Amino acid sequence: MIWNINKETMDREQMRVLQGKRLQKLVTYVYHNLPFYRNKMQEIGITPADIHGIDDIINLPFTTKQDLRDNYPYGLVSAPHSQIVRIHASSGTTGNPTICAYTRHDLTVWQESVSRCLGAFGLTREDTMSVAYGYGLFTGGLGLHYGVENYGATVVPASTGNTEKHIRLIRDLGITAIACTPSYALYLSETMRKMGITRSELKLHIAALGAEPWTENMRQEIQEQLGVKAYNIYGLSEICGPGVSYECECQNGSHIVEDHFYPEIINPITCEPMGYGEKGELVFTTLTKDGMPLLRYRTKDLTSLINEPCPCGRTSVRMTPIMGRSDDMLIIRGINVFPSQVESVILSMKEFEPYYMITVDRVNNLDTIEVQVEVRDGYYSDDINEMICLKKKLQNHLKSVLSIKAEIKLVEPNSIERAQGKAKHVNDKRKL
Ligand code: ADP
Ligand code: ZN
């Protein structure tokens, strides 16, 4: 279902006009209400009068996570405190937390965005969605929660933890949809197996997965294990939280809520704008926020934009799956390696469970990389030769994708720690 026909299928030219108008209003607002932006704009000699349309956005200054940290806690909040109704803090996957402040209007926009996602995932008001993102400072739980209520479906605020109880609820309440991280979806299916509950006992058929990068192979695995259609939902606290973009039934790139969040792709080194189809760093401008609006916020997420019509009828620009953050990228002996590349190899091989840990170290000034992975029941053997063969097979496969040789450590099923929220896949000992 298309939740907001008017905005989601808007003519491209009309959308750009709308974005331009919103940008002009936003720039005028921050210029007069936030010394931080006024100073930045004065430094480069630009005033609100220089913004005539959305194309002029490339002349505006960027905002970085460091700016948020430097102005912690309230330096980038533009609305008076009496209008702020909620505060979240980013989970701080990388570095110190930063806060995000929302006015009532901002929360309305967020709910609207999540409702568009739910429509695209095929929910109806008859559906019951269990929200298994963490509730709290992290935007995942409350973000989805209020989106589902706004949509008019039923929400079960399961949060994370208590997985067995949660599975019984999914079965007993006939829960049809779940929102969680892809890692948690896998963990659920694994716990179900241990409890002896099969997917045919559940009514679950939709999964809204996000908050961390995941691969196409991971999608296949989850769809198969849980008997669901798994959709991507993307977002970040600084922009609002989950709901910035979402997949439709075509599962072919995530539609961006671009009447509220204007996307750009830049070269992460030179900051030059890049074209459609080119891979670079994703940048967002919050066109309509008034609690803590951001101009050209650098997400560090690496992706590319698709500006072609989608068979679903939505006209919005789509983004390809995030391959990682620029600061997730490991440089090993000068070669760029993303954890998502390792994941796609492991999940393409039937011998392994979808759990892995990458350890990077430096021995005698030389970088080393070790991939620890669980061998599936039935493939684990006491025969050393068989295990050596399996190791070699994975090593060769990885080498063809990464161009470097990784040490492989095969471990038994259940040896690697399971994630309830965002999974941790890398232990880089070089930084210690
Ligand atoms: P933190 O930056 O502390 O992790 P957030 O909770 O705001 O805080 O996380 C937002 C980040 O999570 C995004 O910038 C992105 O890197 C990642 N993320 C969120 N959703 C997805 C998704 N669907 N696919 C890949 N990465 C995602
Ligand atoms: Zn579509």
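The model shown is predicted, which means the values in this text are computed figures rather than measured ones. One-based numbering, in listed order, for ligands and for the atoms of each.
- Scanning A211, G143, G134 for the heavy atom closest to atom 21 (C) of ligand 1 points to A211.
- Of all atoms in ligand 1, listed by their number and element, those nearer than 4.0 Å to a heavy atom of I233 are 20 (N), 22 (C), 23 (N).
- Annotation: E212 places an N or O atom under 3.5 Å from an N or O atom of ligand 1; distance criterion only.
- Note on ligand 1: N232 sits in its first shell, one or more heavy atoms being nearer than 4.0 Å.
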* To do: Walk me through it: do V317 and Y276 pass the test side chain to side chain contact (heavy atoms under 4.5 Å, CB included)?
  => CA-CA 9 Å; V317 163; Y276 291 116; 4.2 Å; yes
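- Residue S237 has at least one N or O atom closer than 3.5 Å to an N or O atom of ligand 1.
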* **Residue pair W3, E112: steps toward the side-chain hydrogen bond (donor to acceptor under 3.5 Å, both in side chains) verdict** => CA-CA 9 Å; W3 172 259; E112 155 74 18; 3.1 Å; yes
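- When all heavy atoms are compared, the tightest approach of M292 to L76 is CG-O, 3.2 Å.
- Residue contacts with ligand 1: K65 is included, with a non-hydrogen atom under 4.0 Å away.
- Under 4.0 Å from ligand 1, the heavy atoms of D301 that appear belong solely to its side chain.
- In the vicinity of G210, heavy-atom distances shorter than 4.0 Å reach the ligand 1 atoms 23 (N).
- Between the SG atom of C310 and the NE2 atom of H255, the angle taken at the Zn ion (ligand 2) works out to 110° after rounding to 10°.
- Here R38 does not pair with E43 in a salt bridge; the nearest charged N to carboxylate O distance is not below 4.0 Å.
- Under a 4.0 Å criterion applied to the non-hydrogen atoms of F138, ligand 1 contributes the atoms 6 (O).
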* **Pair H166-S130, side-chain hydrogen bond (donor to acceptor under 3.5 Å, both in side chains): steps then yes or no** => CA-CA 9 Å; H166 185 188; S130 159; 2.6 Å; yes
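- Close contacts of ligand 1 with G235, meaning ligand atoms under 4.0 Å from a residue heavy atom, involve 10 (C), 13 (C), 19 (C), 20 (N).
- Remark: R296 is positioned above the aromatic ring of F62, its terminal NZ or CZ atom under 6.0 angstrom from the ring centre and at most 45 degrees off the axis.
- Residues Y102 and I87 have side chains not in contact (no heavy-atom distance under 4.5 Å, counting atoms from C-beta outward).
- Between atom CG of residue N6 and atom CE of residue M10 there is a gap of 5.0 Å, rounded to the nearest 0.5 Å.
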